[in-house]
Number of protein chains: 2
Amino acid sequence: MRLSEGVEWTVHCCTLLAGLPPDAALSAKKLAEFFDVPPDYLAKHMQQMSKAGIVNTKKGPNGGYSLAKPARDITLLDMVEAIDGRVCSFKCTEIRQRGPSGVSPCSYKTPCGIARAMRKADQVWRDELRKTTLADLQIIGLRETPPEQMNKAITWLKGLFT
Amino acid sequence: MRLSEGVEWTVHCCTLLAGLPPDAALSAKKLAEFFDVPPDYLAKHMQQMSKAGIVNTKKGPNGGYSLAKPARDITLLDMVEAIDGRVCSFKCTEIRQRGPSGVSPCSYKTPCGIARAMRKADQVWRDELRKTTLADLQIIGLRETPPEQMNKAITWLKGLFT
DNA sequence: TAATAACGGATAAAATATATCCGTTATTAT
DNA sequence: ATAATAACGGATATATTTTATCCGTTATTA
């Protein structure tokens with residue numbers, strides 16, 4: 001029961017992208033360098049973000065990734081689901097239908113109570129993730145990032161757009 | 001991001017145990033037969049339930065597993081955590097500290113905003129699971145199990161305690 | 001005393017997550 | 001035009017986790 005590492009990577013990437021000048025883009029290679037993660041693998045994840053409509057892509061020199069919409073309109077859930085999918089964390093294999101007491105599948109009118117409770121919990125989890133937007137994360141980042149790191153980051157970014 | 005199959009198995013097993021006469025017990029072998037799942041592997045999971053204090057165990061002939069407390073006092077969360085543990089589904093690897101902009105670890109006063117949002121969502125998920133008790137699941141089972149299956153189950157169980 | 005059953009440890013097998021590589025296409029700066 | 005850049009998709013490799021089995025030990029009971 002663990003979210004893939006790609007979730008952490010891509011959410012951080014999007015937070016960084018949210019702070020970029022309007023028409024700027026960062027390549028997978030540069031993003032990977034910034035966070036010190038495997039470039040090729042991060043690229044795969046960013047492609048999923050692109051498919052999910054969260055980021056735009058631009059090929060060629062000075063190309064890369066940029067946000068596809070305002071940070072306010074991108075939720076944490078959007079990003080989590082782009083990487084980890086939308087299927088419920090609980091997979092019901094209908095074991096109630098198996099074994100010596102099982103009867104024909106059409107006899108079961110509703111999903112079993114266990115599956116229903118699990119799905120409800122999964123739902124509130126997603127609802128909670130939906131409450132946080134990329135804009136929220138960006139503001140938290142601006143407020144809480146150590147000043148020294150902020151300076152280093154700005155310097156590093158400036159070096160790219162010259 | 002998926003719960004292990006063992007969660008489904010053990011919750012179903014506990015629901016069955018909840019319906020047994022007070023001093024009756026069912027062995028891993030019998031439980032596995034009832035649900036048609038691998039006996040040895042189910043046994044491993046039931047041992048985790050035992051360690052978590054959810055079921056009692058009794059060795060020897062006519063031994064097996066029985067509930068360690070009233071169904072009302074066992075939550076779905078208890079059972080989920082017995083199998084899948086209590087660690088948050090999001091693992092923060094502190095990538096903010098890495099790369100060219102990272103600064104010394106002691107500069108970071110709080111967990112990053114992303115980790116905090118993820119933990120909050122994990123918390124509401126657990127809170128929701130805590131709301132459902134084994135007694136609730138038992139009642140739902142009694143109400144919704146097809147009559148034909150109920151009869152077969154009772155017959156099968158009677159065959160064991162003679 | 002023989003059969004049953006939990007328990008713990010050691011593997012083994014299967015599935016999934018992580019990671020790399022390569023050829024293709026699109027784009028841009030020179 | 002051309003060379004360099006960068007996303008994209010597919011194939012493949014590696015690592016980790018999940019699933020599953022097996023076995024010896026101990027406790028218990030008929």
Side-chain angles (χ1 to χ4, degrees), chain A residues 1-10 13 17 23-33 35-66 68 80 82-85 87 89-91 93 95 160-162, chain B residues 1-10 13 17 23-33 35-66 68 80 82-85 87 89-91 93 95 160-162:
Chain A
M1 183 62 177
R2 245 191 69 202
L3 289 169
S4 88
E5 233 179 327
V7 170
E8 184 185 19
W9 297 358
T10 52
C13 285
L17 293 179
D23 57 350
L26 276 184
S27 67
K29 195 181 166 192
K30 288 299 172 190
L31 287 168
E33 191 186 330
F35 291 110
D36 186 25
V37 295
D40 286 347
Y41 194 32
L42 176 63
K44 278 272 186 282
H45 289 311
M46 288 307 290
Q47 279 167 35
Q48 291 185 268
M49 299 300 272
S50 164
K51 272 191 210 159
I54 294 168
V55 298
N56 283 328
T57 68
K58 198 181 156 200
K59 292 182 177 177
N62 296 326
Y65 299 94
S66 55
V80 167
I83 303 299
D84 255 55
V87 301
S89 51
F90 178 80
K91 185 184 174 194
T93 66
I95 72 171
L160 297 181
F161 299 119
T162 52
Chain B
M1 183 60 180
R2 243 192 71 204
L3 289 168
S4 90
E5 232 179 326
V7 170
E8 184 185 19
W9 297 358
T10 53
C13 285
L17 292 179
D23 57 349
L26 276 184
S27 68
K29 194 180 166 192
K30 288 298 172 190
L31 286 167
E33 190 186 331
F35 291 112
D36 187 26
V37 296
D40 287 347
Y41 193 32
L42 175 63
K44 279 271 186 284
H45 289 311
M46 289 307 291
Q47 281 168 34
Q48 291 186 269
M49 300 299 272
S50 165
K51 272 191 212 159
I54 294 167
V55 298
N56 283 328
T57 68
K58 198 182 155 200
K59 292 183 177 177
N62 295 325
Y65 300 94
S66 55
V80 167
I83 304 298
D84 255 56
V87 300
S89 51
F90 178 80
K91 186 184 173 193
T93 65
I95 72 171
L160 297 182
F161 299 119
T162 52

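Using a 4.0 Å heavy-atom criterion, one finds that A28(B) contacts the sugar-phosphate atoms exclusively. K51(B) comes within contact range of the sugar-phosphate backbone alone, with a heavy-atom separation under 4.0 Å but no base atom that close.
Summarising the geometry, the separation between CD1 on I83(B) and C1' on dA20(D) is reported as 15 Å, rounded to the nearest angstrom. Here dT5(D) presents its P atom at 16 Å from CG of L26(A), a figure rounded to the nearest Å. Following rounding to the nearest Å, Q47(B) (CD) and dA20(D) (C1') show an atom-to-atom distance of 14 Å. Distance K30(A) NZ to dA7(D) P: 12 Å, rounded to the nearest Å. Summarising the geometry, the separation between CD on Q48(B) and C1' on dA20(D) is reported as 14 Å, rounded to the nearest angstrom. Taking atom CG on D84(B) and atom P on dT17(D), their separation rounds to 13 Å, with Å as the unit. In this entry the distance linking CE of M1(A) with P of dT17(D) reads 16 Å, nearest Å. For the pair M46(A) CE and dA7(D) P, the interatomic distance rounds to 9 Å; values are reported in whole Å.
Within the 4.0 Å cut-off from OP1 or OP2 of dC7(C), at least one side-chain nitrogen or oxygen of T57(B) is found. For the OP1/OP2 pair of dA7(D) and a distance below 4.0 Å, the side-chain nitrogens and oxygens of S50(A) include no atom meeting the criterion. Contact between the side-chain N/O atoms of S27(B) and the OP1/OP2 oxygens of dT4(C) is not found at any separation under 4.0 Å.
Between P39(B) and A28(B), the shortest heavy-atom contact is O-CB, 4.5 Å.
Between the side chains of T93(A) and E5(B), not a single donor N or O lies within less than 3.5 Å of an accepting N or O.
Under the rule for a side-chain hydrogen bond (donor to acceptor under 3.5 Å, both in side chains), T57(B) has no partner lying at least two apart in sequence or in another chain. Contacts of P61(B) classified as side chain to side chain contact (heavy atoms under 4.5 Å, CB included), with partners at least two apart in sequence or in another chain: none. The side-chain hydrogen bond (donor to acceptor under 3.5 Å, both in side chains) search around S66(A) returns none, not counting sequence neighbours.
Taking CE from M46(B) and CD1 from I54(B), the interatomic distance works out to 9.0 Å, rounded to the nearest 0.5 Å. For the atom pair CD1 (I95(B)) and CD (E8(A)), the distance works out to 5.0 Å, reported to the nearest 0.5 Å.
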What one-letter contact string describes nucleotides 19-30 of chain C from 5' to 3', where B marks a base within less than 4.0 Å of any protein heavy atom, S marks contact via sugar-phosphate atoms alone, and - marks no contact?
BBB---BBBBS-
Give the dot-bracket line for DNA chain D from 5' end to 3' end: parentheses for intra-strand Watson-Crick or G-U pairs under 3.5 Å, square brackets for crossings, | for inter-strand pairing, dots for unpaired.
||||||||||||||||||||||||||||||
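Annotation: side chain to side chain donor-acceptor pair (under 3.5 Å) contacts involving residues 46-56 of chain B, sequence neighbours excluded, comprise H45(B)-Q48(B).
The shortest distance between side-chain heavy atoms of M1(A) and R2(B) does not fall below 4.5 Å.
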